[in-house]
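Before any comments, here is the structure.
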Amino acid sequence: MNQDILIKNSTIVNEGKIVVADLLISNGRIDQIGSIDVGPNYKIIDGTGKYLFPGIIDGQVHFREPGLTHKGDLYTESKSAVAGGVTSFIDMPNTVPNILTVKSLKEKFKIASKKSLANYSFFLGVNGDNIDEIIKLDTGPFIGISDDGLYFTKKGNLLADSPEKMEKLFANCKSIIAIHSEKEEIIEANEQAFKKTYGEDIPAKFHPIIRSTEGCYEATKRAIAIAEKHNTRLHILHLSTEAETHLFKNNIPLNEKKITTEVSVHHLWFSDNDYDRLGMLIKWNPAIKTNKDKQGLFQALLDDRIDIITTDHAPHTLEEKERPYFQSMSGAPMVQHTLNCMLEFYKQDLISLEKIVEKMCHNPAILYRITDRGFIREGYFADLTLVDLDSKWTVAKDNLFYKCGWSPLEGTTFQTEIKQTFVNGNLVYDDGIFFEEEKGKEIEFDNGNQ
């Protein structure tokens with residue numbers, strides 16, 4: 001199953017250090033790091049001049065299976081992920097049906113075991129209808145529970161909008177709870193105000209005013225207060241405002257934090273200046289906001305108030321995106337290009353390679369207590385990506401792997417290119433070619449020490 005692979009002379013970025021070394025993969029794991037002699041049956045990969053990172057762990061994706069597979073599925077979107085250096089992902093519950101039961105969760109794992117090229121785990125969904133059932137469960141077997149995306153099903157499913165539901169859940173659930181943090185009441189009032197002027201066809205540039213800073217900040221502040229009261233492990237998804245960053249701490253190690261957060265790469269890459277050019281294509285919830293917000297998020301990432309980087313990869317068809325404001329679906333595909341985006345910031349001297357690896361590889365493993373992944377260490381799974389930091393290419397429809405067939409980054413020229421991606425020691429992606437015989441594994445984690 002696993003061939004011994006020797007990566008020679010790559011520049012390894014790991015745990016705050018950058019060193020040139022060889023790395024031997026054997027039986028799916030990292031066997032040795034250092035100066036390694038070539039064995040008789042080794043597959044040799046020349047890493048000279050290339051940078052070797054741990055595989056990215058993407059803590060928030062929407063791969064659309066089951067039920068929404070016209071947009072994407074666990075095969076197509078995991079294929080896009082490995083092409084972008086992502087070797088593990090955690091998928092959200094807003095599929096059809098919503099993943100609200102242990103039975104439906106197990107079925108999703110079964111599908112992934114047959115289709116996913118990357119390692120996988122899944123949040124169990126929580127909403128207003130199943131909260132009592134969730135509270136009764138032993139949540140130890142779940143990597144986390146989340147309400148993200150479930151507000152699309154009906155109003156009232158956002159935990160952040162219901163202090164009573166948060167009180168009940170936070171007091172009784174010991175697994176990590178990952179929430180979408182906006183106040184529907186504020187959003188709805190803004191929607192009605194703009195509807196009076198523009199009817200159904202509100203211009204995209206007003207999206208960050210409708211889904212405002214106030215709507216995000218007030219929800220996050222209240223959720224954190226309730227979580228602190230109950231000593232809950234609370235994770236705020238896709239932070240989008242500079243104001244919210246001041247609600248999070250950087251004075252304790254991540255493995256001791258109970259309140260954590262993330263930034264999705266589109267909130268670092270785009271700003272409200274891009275709505276005139278891209279319109280509904282960059283309509284996300286929470287909304288992409290101002291350049292000040294973008295800079296504030298970046299600063300909080302650098303000083304460790306923000307713990308991890310995710311994609312919030314959310315494919316929709318172009319037809320679904322290009323509808324008028326209230327019908328246009330929120331979200332866009334990003335998982336193939338997240339590492340490229342962050343490396344572009346490195347090229348602009350805005351962030352170090354070590355910090356990128358910390359936020360995209362190490363910290364997701366720490367936050368979700370993932371076993372033997374996220375680091376380049378002997379004995380760990382050989383989840384790796386080899387990158388050329390001096391290879392220009394331009395995003396175009398013919399080099400996208402998303403099932404939806406488009407990207408808000410089309411026309412963007414990157415200066416870096418993912419060359420190889422290894423999942424569990426298997427070379428799955430090699431400079432545009434995929435090897436799909438071996439599928440990813442279910443992510444193991446340790447929730448025992450709450």
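All residue numbers refer to positions in the sequence shown, counting from 1. These figures come from a predicted structure and were not determined experimentally.
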* Structure fact -> Value for CG (Leu137) from CG (Asn172), rounded to nearest 0.5 Å, stands at 11.5 Å

* To do: With sequence neighbours excluded, give me every ring-ring contact (aromatic ring centres under 6.0 Å, His included) pair touching residues 127-150.
  => none

* Excluding sequence neighbours, so at least two apart, what forms salt bridge (charged side-chain N to carboxylate O under 4.0 Å, His left out) with Glu354? -> none

* Asked: What pairs with Asn340 under side-chain hydrogen bond (donor to acceptor under 3.5 Å, both in side chains), at least two apart in sequence or on another chain?
  -> Thr416

* Could you tell me whether the side chains of Asp58 and His313 share a donor-acceptor contact shorter than 3.5 Å? => no

* To do: State whether the side chain of Asp73 and the backbone N or O of Thr76 hold a donor-acceptor pair below 3.5 Å, judged by distance alone.
  => yes

* **Within residues 197-206 or reaching into it, pairs that qualify as salt bridge (charged side-chain N to carboxylate O under 4.0 Å, His left out) - sequence neighbours excluded** => Lys195-Glu200

* Given Ile134 and Leu169, is the side chain to side chain contact (heavy atoms under 4.5 Å, CB included) satisfied, shown in steps? -> CA-CA 8 Å; Ile134 294 293; Leu169 185 66; 4.0 Å; yes

* To do: Please tell me if the side chains of Arg29 and Asp372 come closer than 4.5 Å, counting only heavy atoms from C-beta onward.
  => yes

* Test ring pair (Phe, Tyr, Trp, His ring centres under 6.0 Å) on Tyr429 and Phe435 and set out the steps. => CA-CA 6 Å; Tyr429 176 76; Phe435 300 93; 9.4 Å; no

* Could you list the residues that satisfy salt bridge (charged side-chain N to carboxylate O under 4.0 Å, His left out) with Lys108, not counting sequence neighbours? => Asp91

* To do: Determine which pairs satisfy salt bridge (charged side-chain N to carboxylate O under 4.0 Å, His left out) with at least one residue from residues 63-72, sequence neighbours left out, and list them in order.
  => Glu65-Lys115, Lys71-Glu320

* To do: Apply the side-chain contact (heavy atoms from CB on, under 4.5 Å) test between Gln420 and each candidate in Thr385, Leu386, Leu52, Val387; give the one that qualifies.
  => Leu386

* To do: Go through the side-chain N and O atoms of Asn273 and Asn291 and say whether any donor and acceptor fall under 3.5 Å apart.
  => no

* **Selection residues 67-117 - residue pairs positive for ring-ring contact (aromatic ring centres under 6.0 Å, His included), sequence neighbours left out** => Phe63-Phe89, Phe109-Phe122

* Do the rings of Trp269 and Phe414 sit parallel, tilted or perpendicular, given the 30° and 60° boundaries? -> tilted

* For Arg373, salt bridge (charged side-chain N to carboxylate O under 4.0 Å, His left out) partners two or more places apart -> Asp383

* In chain order, what residues pass the side-chain hydrogen bond (donor to acceptor under 3.5 Å, both in side chains) check against Glu15, with sequence neighbours excluded? -> Arg377

* Apply side chain to side chain donor-acceptor pair (under 3.5 Å) to the pair Asn285 and Ser330, showing each step before the final yes or no. => CA-CA 6 Å; Asn285 299 342; Ser330 294; 3.2 Å; yes

Show me the side-chain donor-acceptor pairs of residues 237-244 shorter than 3.5 Å, one per line, residues at least two apart or across chains.
| from | atom 1 | to | atom 2 | distance (Å) |
| --- | --- | --- | --- | --- |
| His238 | NE2 | Asp148 | OD1 | 3.1 |
| His238 | NE2 | His180 | ND1 | 3.4 |
| Ser240 | OG | Lys289 | NZ | 2.8 |
| Thr241 | OG1 | Glu244 | N | 3.1 |
| Thr241 | OG1 | Glu244 | OE1 | 2.7 |
| Glu242 | OE1 | Lys292 | NZ | 3.2 |
| Glu242 | OE2 | His246 | NE2 | 2.5 |
| Glu244 | OE1 | Thr241 | N | 3.4 |
| Glu244 | OE2 | Thr220 | OG1 | 2.6 |

* Only counting residues at least two apart or in another chain, list the ones meeting salt bridge (charged side-chain N to carboxylate O under 4.0 Å, His left out) with Lys397. => Glu410

* **Among Asn98, Ile145, Leu150, Leu124, side-chain contact (heavy atoms from CB on, under 4.5 Å) partner for Pro93** => Leu150

* All side chain to side chain contact (heavy atoms under 4.5 Å, CB included) counterparts of Glu256, not counting sequence neighbours -> Ile252, Pro253

